[in-house]
Amino acid sequence: MKDARDIIIAPIISENTMDQMQEANTYTFKVAKNANKVEIRNAVEEIFSVNVINVNTMNVRGKKRRLGFHVGKKPDWKKALVKLAEGDEIEIYEGL
């Protein structure tokens, strides 16, 4: 079994995710590419001690970048939208 800290890589903080936090109690994380919804649910519940209702995942393609003549590509990554039970919240976000 994987460690929970290896599955949840980082929170994603933007205007859109802040609105989702306040309106729908949904938090957004960058997660490991090979993690499934069950592993993500268990990792969030273990790390933050909250009840997860729903997990939606999406694979995000890396954008193409160029530096002069050379063309490169940023790596692909996976995003997870985690909906928490009513009354639960994650304290990391509250200071932002």
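Both Val60 and Ile12 belong to a common hydrophobic cluster when Ile, Leu, Val, Met, Phe, Trp and Tyr are linked at side-chain heavy-atom distances under 4.5 angstrom.
In this view, Arg5 and Asp3, Ile47 satisfy the side chain to side chain contact (heavy atoms under 4.5 Å, CB included) rule, not counting sequence neighbours. Here Ala32 pairs with Asn34, Ala35 under the side chain to side chain contact (heavy atoms under 4.5 Å, CB included) rule; sequence neighbours left out. For Asp19, the side chain to side chain contact (heavy atoms under 4.5 Å, CB included) partners at least two apart in sequence or on another chain are Glu23.
Between Asp76 and the options Lys78, Lys79, Lys73, Lys74, a salt bridge (charged side-chain N to carboxylate O under 4.0 Å, His left out) holds for only Lys73. Between Val82 and the choices Ile40, Asn56, Ile8, Thr26, the side chain to side chain contact (heavy atoms under 4.5 Å, CB included) rule is met once, by Ile40.
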- Task: Begin with the C-alpha distance, continue with both residues' side-chain angles, and end with the deciding distance and a verdict on side chain to side chain contact (heavy atoms under 4.5 Å, CB included) for Leu81 and Met58.
- Result: CA-CA 9 Å; Leu81 300 169; Met58 58 194 80; 3.7 Å; yes
- Could you walk me through whether Lys37 and Thr57 pass side chain to side chain contact (heavy atoms under 4.5 Å, CB included), step by step? CA-CA 7 Å; Lys37 292 182 181 186; Thr57 60; 3.7 Å; yes
- Check the pair Glu89, Tyr27 against side chain to side chain contact (heavy atoms under 4.5 Å, CB included), reporting the backbone distance first and the verdict last. CA-CA 9 Å; Glu89 56 185 29; Tyr27 294 81; 3.4 Å; yes
- side chain to side chain contact (heavy atoms under 4.5 Å, CB included) between Thr17 and Phe29, worked out: CA-CA 10 Å; Thr17 59; Phe29 296 97; over 6 Å; no
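Of the possible polar contacts, none joining the Asn51 side chain to the Ala85 backbone as a donor-acceptor pair under 3.5 Å is found. At least one donor-acceptor pair closer than 3.5 Å links the side chain of Arg41 to the backbone N or O of Val52. Proximity of a side-chain donor or acceptor of Arg61 to a complementary backbone N or O of Pro75 within less than 3.5 Å is not detected. Asn42 places a side-chain N or O within 3.5 Å of a backbone atom of Val38 that can act as its donor or acceptor partner.
Considering every non-hydrogen atom in both Val50 and Glu45, the closest pair reads O-CG, 3.1 Å. The shortest non-hydrogen separation linking Ile9 to Asp6 is CG1-O, 4.4 Å. The two residues Trp77 and Lys33 come nearest to each other via the heavy atoms CA-CD, 4.0 Å.
Within the model, atoms OG of Ser14 and CD of Gln20 stand 7.5 Å from one another, a figure rounded to the nearest 0.5 Å. Atom NZ in Lys83 sits 6.0 Å away from atom CD1 in Ile53 (nearest 0.5 Å).
In this structure, Ile90 and Met21 have side chains that are not in contact, with every pair of non-hydrogen atoms separated by 4.5 Å or more.
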